[in-house]
Amino acid sequence: MFLLLPFDSLIVNLLGISLTVLFTLLLVFIIVPAVFGVSFGIRKLYMKTLLKIFAWATLRMERGAKEKNHQLYKPYTNGIIAKDPTSLEEEIKEIRQSGSNKALDKTPEFELSDIFYFCRKGMETIMDDEVTKRFSAEELESWNLLSRTNYNFQYISLRLTILWGLGVLIRYCFLLPLRIALAFTGISLLVVGTTMVGYLPNGRFKEFLSKHVHLMCYRICVRALTAIITYHNRKNRPRNGGICVANHTSPIDVIILASDGYYAMVGQVHGGLMGVIQRAMVKACPHVWFERSEVKDRHLVAKRLTEHVQDKSKLPILIFPEGTCINNTSVMMFKKGSFEIGATVYPVAIKYDPQFGDAFWNSSKYGMVTYLLRMMTSWAIVCSVWYLPPMTREKDEDAVQFANRVKSAIARQGGLVDLLWDGGLKREKVKDTFKEEQQKLYSKMIVGNHEDRSRS
Amino acid sequence: MGPRSSHIALIPDVDQIRNETGFSEASLLRLYGRFQTLDRNKKGFLSRTDLQQIGALAVNPLGDRIIDSFFLDGSQQVDFAGFARVLAHFRPVDEEEAATRDPKDPEPLNSRMNKLRFAFQLYDLDRDGKISRNEMLQVLRLMVGVQVTDEQLESITDRTVQEADEDGDGAVSFLEFTKSLEKMNIEQKMSIRILK
């Protein structure tokens with residue numbers, strides 16, 4: 001046993017040294033291009049290889065299911081039930097006509113059969129509604145070798161299990177440490193860099209340095225997540241004095257947008273690590289951070305934002321008007337606050353490809369740390385970013401209509417469903433005002449006629 | 001989110017549910033997935049609050065009555081079997097199935113009679129088998145909110161009860177209800193088709 005000791009320590013030492021050297025080389029290989037904003041195209045190659053493997057994996061699972069003669073669970077992308085898009089009036093008229101004993105020209109006031117409309121509509125929403133499914137991760141058509149997206153555990157063959165095991169090894173033992181190292185580097189550089197730039201006197205040089213420090217660090221963070229981003233229409237990128245609005249899927253949205261443009265962030269002051277980062281960032285260039293108490297005061301928020309956009313030397317503000325994370329299959333109601341300010345709005349649509357890693361942050365299920373860990377153990381984060389042409393509020397539009405117009409443009413570009421529902425439904429019940437709309441429509445049908453009759 | 005267990009055998013009492021409701025294996029898988037999505041705290045059953053969270057149901061004027069139909073015998077929870085049983089009323093009628101049915105078997109949940117009975121229940125608040133004038137008034141009030149005056153609503157109620165009431169007891173029994181809707185294509189209007 002004593003003879004082994006010197007051997008042991010030699011081998012261990014060699015191993016340790018070679019691993020460290022390899023690791024550092026890799027880091028340098030990734031960080032240097034990030035600093036200069038160039039890319040070797042390695043991530044795209046990685047993506048293509050993965051796609052081929054996923055297709056193979058899904059085929060094997062289908063074969064496995066067929067052998068056992070069972071139903072394979074297939075996600076329902078178009079909804080679980082067949083729906084007819086008819087209005088309340090049309091439906092009720094149809095129901096009445098189909099069962100009416102009376103002559104058709106005399107429109108009755110109320111029929112017992114009217115209840116069928118509300119009954120069926122209600123049941124349809126219990127079976128499938130547009131909103132509930134937006135707050136959980138999107139389901140995938142083919143399996144991507146992550147156990148978190150597998151719905152058909154029973155049909156995995158031995159070969160597939162080995163492949164999956166290999167995937168786990170690569171993701172947790174190679175990619176994860178690498179990514180954590182990169183993230184650590186990126187964040188430290190951001191804090192140190194912006195603090196240092198903060199000591200410089202205000203002027204062109206400071207601005208130049210600040211911009212590049214920010215961009216460089218965000219680019220390193222992008223590589224820390226292995227994010228493969230395709231930017232479209234970069235000529236429409238937001239300019240000073242404008243507001244950039246985008247649909248919200250996760251906190252990563254910020255990193256994705258900020259690595260391609262220089263923005264002023266808006267947000268609440270946090271404690272801990274976030275707080276350190278916030279305080280450092282604001283030294284280099286003016287971001288808009290609100291105290292907790294200030295966030296409730298809408299006038300104060302609006303005033304500070306207006307002041308910021310009116311100063312043309314300040315950067316475009318980055319805002320997510322949905323107010324909460326949605327699962328990237330739809331866009332929900334935009335809060336009108338940012339649209340009342342009167343600045344030019346630069347809409348941006350972000351669409352993630354969930355095949356390589358689902359970026360959606362289900363905050364009721366996962367905390368921030370768990371979420372980041374999940375992100376860093378996925379294969380990659382693949383997304384497309386579209387910069388849409390700038391929009392301004394028209395004379396006869398109010399803030400809500402303007403917000404909806406911008407929302408539709410973003411939904412259309414990103415291929416997302418445009419919903420009028422409030423993202424706040426994730427946690428709260430819907431307001432009663434919407435029920436009144438339905439009641440009004442129905443009342444017109446049963447009482448509107450009554451008034452006509454009494455007149456004649 | 002898909003079902004946490006996607007195999008049909010992992011649904012509790014699946015064979016019994018299949019016999020009672022007549023749903024296919026694929027449909028039950030989907031409904032079970034939906035049940036699990038609505039059951040946010042993974043309790044294994046749904047409470048009223050779980051159903052009230054559905055935005056589109058909360059804006060339905062009869063939303064509360066529909067939710068009540070899941071909790072019939074005073075219980076505050078509904079398990080998957082109960083959930084499926086209520087939804088089975090809305091299964092489209094299969095002509096072939098109806099023709100080949102053994103008359104000795106109990107009537108399927110999605111028969112015309114049972115669909116009518118379900119709708120009747122929405123009106124019959126105290127479940128005494130009759131829709132009294134007062135109950136009709138209350139349900140109508142739910143459907144119109146504050147948009148219609150008391151007098152208008154009362155005259156509508158009186159007229160409706162009068163037309164349907166045959167034995168003159170001032171209330172609409174289930175038979176009278178059925179009779180007034182005998183020409184209605186209930187099978188189509190009270191059916192929801194689940195996609196494959």
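Proteins come first, then strands; the chains are lettered A, B, ... in the order of their sequence lines, and each starts at number 1. Remember, it's a predicted structure, so these values are computed and weren't measured experimentally.
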Counting only heavy atoms not in K336(A), do more than 12 fall under 6.0 Å of its NZ?
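Counting neighbours around NZ of K336(A), 12 or fewer heavy atoms of other residues, nucleotides or ligands fall under 6.0 Å, so no.
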Do other residues, nucleotides or ligands put more than 12 heavy atoms under 6.0 Å from the NZ atom of K130(B)?
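Atom NZ in K130(B) is not crowded, with 12 or fewer foreign heavy atoms closer than 6.0 Å.
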When [options] are compared by non-hydrogen pairs under 4.5 Å with chain A, the top option:
{"options": "M143(B), H89(B), M190(B)", "result": "M143(B)"}
{"options": "L38(B), I186(B), T160(B), L142(B)", "result": "T160(B)"}
{"options": "I66(B), V172(B), I192(B)", "result": "I192(B)"}
{"options": "V86(B), I131(B), L62(B)", "result": "L62(B)"}

So, [X] side chain and [Y] main chain: donor-acceptor pair closer than 3.5 Å or not?
{"X": "D79(B)", "Y": "G82(B)", "result": "yes"}
{"X": "E176(B)", "Y": "S173(B)", "result": "yes"}
{"X": "R141(B)", "Y": "G145(B)", "result": "yes"}

Report which part of [X] has an atom under 4.5 Å of a heavy atom belonging to chain A: side chain, backbone, both, or neither.
{"X": "L57(B)", "result": "both"}
{"X": "S191(B)", "result": "backbone"}
{"X": "I67(B)", "result": "neither"}

Is a donor from one side chain sitting under 3.5 angstrom from an acceptor on the other, for N134(B) and S132(B)?
no
Y371(A) and N362(A): side chain donor to acceptor below 3.5 Å
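Checked: Y371(A)/N362(A) side chains show no N/O donor-acceptor pair below 3.5 Å.
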Taking only heavy atoms into account, what residues of residues 107-116 of chain B are found under 4.5 Å from chain A?
L116(B)
State which residue, out of F80(B), F45(B), F70(B), fulfils the ring pair (Phe, Tyr, Trp, His ring centres under 6.0 Å) condition with F35(B).
F80(B)
Is it true that F118(A) and Y442(A) have ring centroids separated by less than 6.0 Å?
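Centroid distance F118(A)-Y442(A): below 6.0 Å, so yes.
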